[in-house]
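Structure record follows, encoded as structure tokens.
Only this structure's heavy atoms are used, side chains among them; waters, hydrogens and symmetry mates stay out.
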Amino acid sequence: MPFRERPAGRAVLVICAAIAFYAAINHLGEVWRAIKWVLDVLAPILIGFAVFFILSPFASLIEGAIKRSRRFSPGEKAARRLGVTAALLTVAAVLALVVVIIIPEIRRGSATLAEILPGEIEKAVVAIDSLADRAGVDLELVSLGDIDWDKVRASAESLMPRGGQGLLSGLVGTLGSVLGVVFDLVIGVVIGAKIAIEKEAVGRFFRRVTSALMGSSRAEKLFHLVSLSREAFSNFMQGQLLEACSLSILTFIGMLIFRFPFPAGVAAVMGLTALIPVFGAWIGAGFGTLMALTASPARALFFLAFIITLQAVDNTFIYPRIVGGSMKLNGLIVLSAVTVGGAAFGFVGMLLSVPAASVIYTLVNEAAAKKI
């Protein structure tokens, strides 16, 4: 009998775990720094697995289409490589297209906003001051012409690093951080593509290692959990992408009908931010409201009313059916999961809350079925 399964062995393991937990509680700073260091070292691998989870459903679809093709019938490995490569190129092309659409729109909108905003603020100040005078209230609002811009500029300069050396070191540090992120991302994409190409071999390796360390029964439970998670994340990504595309198209059509400014850029931003479950589209709504402000404040309010109506329809009818249907979850469970995940873990929690809820829901149903 292995030592860990004997009573004495279990007692020793419990005591060691209690000592480790007590030490960790009393040295939380050191523990957090150690965890952060490990995560930084493993960042390319973690990114690789994330890329694999994202690429896998699209690569499988393309690979299946290639295998079913009668005119073009490569081997098994060639079809897998073509599927992964096509999925990578498709994702890169879509992102590049979105960026090409968004950046010029942001530049034009920002330039227009910078031209008209001071005048609109001045008009608002005058209007509020006039209303206050009629009501007999002295607000003493500051006019834009009364602002000491030299003082504002001096205050802004005081926030900048002092001396060329400080500025240079800040730029070098920022450049180093950006290069580090780019390096991790590139290596992560390569690792993710490699895992997607050789996923069967990688799965067999992890199964052997896990079975040797944990035992066959526990390893099977773990792999069942991993399989559920992979299926849930794949279904979620497909549903979320379909939801983002539908919301982007509806936004674009509505903006053309009501003649709001910058429809292509705003619709693209709405689609990107809609990848964040339920609440992400409101980020795009804020961007669209700013762009509508370039026409007039009234148009901005009209756009905001349009987005609120569209979001109400989307959250009530479209999102629960598309994402909830792909995840086989009730709309109330989806909304509750996103709310709790966002409150607990922010953006990452919102993104992963729906797949996590699907896995928990499936496990609860399986446990209940065994009890019945």
Side-chain angles (χ1 to χ4, degrees), residues 1-5 9-10 13 16-17 20 31 34-68 73-92 180-238 327 348 351-352 354-356 358-360 362-363 366-367:
M1 179 183 294
F3 176 75
R4 67 174 180 270
E5 296 182 4
R10 292 179 179 176
L13 291 177
C16 291
V31 171
I35 293 174
K36 188 176 182 302
W37 179 81
V38 171
L39 291 176
D40 289 340
V41 171
L42 297 179
I45 299 176
L46 297 176
I47 293 173
F49 277 100
V51 170
F52 163 70
F53 272 99
I54 295 172
L55 280 183
S56 186
F58 308 111
S60 298
L61 288 174
I62 298 173
E63 180 185 351
I66 292 174
K67 289 180 179 179
R68 290 190 297 270
S73 55
E76 186 81 17
K77 292 184 178 179
R80 174 69 56 78
R81 291 191 178 93
L82 286 173
V84 173
T85 303
L88 274 173
L89 292 176
T90 302
V91 172
V181 171
V182 172
F183 176 80
D184 290 344
L185 186 60
V186 171
I187 298 299
V189 170
V190 173
I191 293 174
K194 191 68 174 175
I195 294 173
I197 292 173
E198 302 180 2
K199 56 184 177 182
E200 289 84 2
V202 174
R204 287 194 298 268
F205 170 76
F206 278 105
R207 185 177 292 274
R208 287 197 304 268
V209 172
T210 307
S211 299
L213 294 175
M214 301 177 60
S216 298
S217 61
R218 293 178 180 175
E220 287 302 321
K221 292 180 181 178
L222 177 62
F223 273 95
H224 177 59
L225 178 61
V226 172
S227 177
L228 286 177
S229 302
R230 181 176 177 274
E231 182 181 359
F233 191 81
S234 175
N235 292 337
F236 169 73
M237 286 302 300
Q238 294 180 31
M327 304 296 296
V348 176
L351 190 62
L352 300 180
V354 179
S358 176
V359 172
I360 294 172
T362 303
L363 291 175
E366 290 178 353

Closest contact, heavy atoms only, A196 versus V84: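 Where A196 meets V84 most closely, the heavy atoms are CB-CG2, 3.8 Å.
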Heavy-atom pair with the smallest gap, counting every atom of I187 and P44: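 Minimum heavy-atom contact is CG2-CB, 3.7 Å.
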Flag if over 12 foreign heavy atoms under 6.0 Å of NZ, K199: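 Check passes, neighbour count above 12.
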Reported OG1-to-CD distance for the pair T85 and E63, which is rounded to 0.5 angstrom: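 One finds 11.5 Å between OG1 of T85 and CD of E63.
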From CG (L82) to CD1 (I62), nearest 0.5 Å: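 So the CG of L82 and the CD1 of I62 are separated by 9.5 Å.
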salt_bridge(R81, E198) N-O dist < 4.0 Å: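 No salt bridge links R81 with E198.
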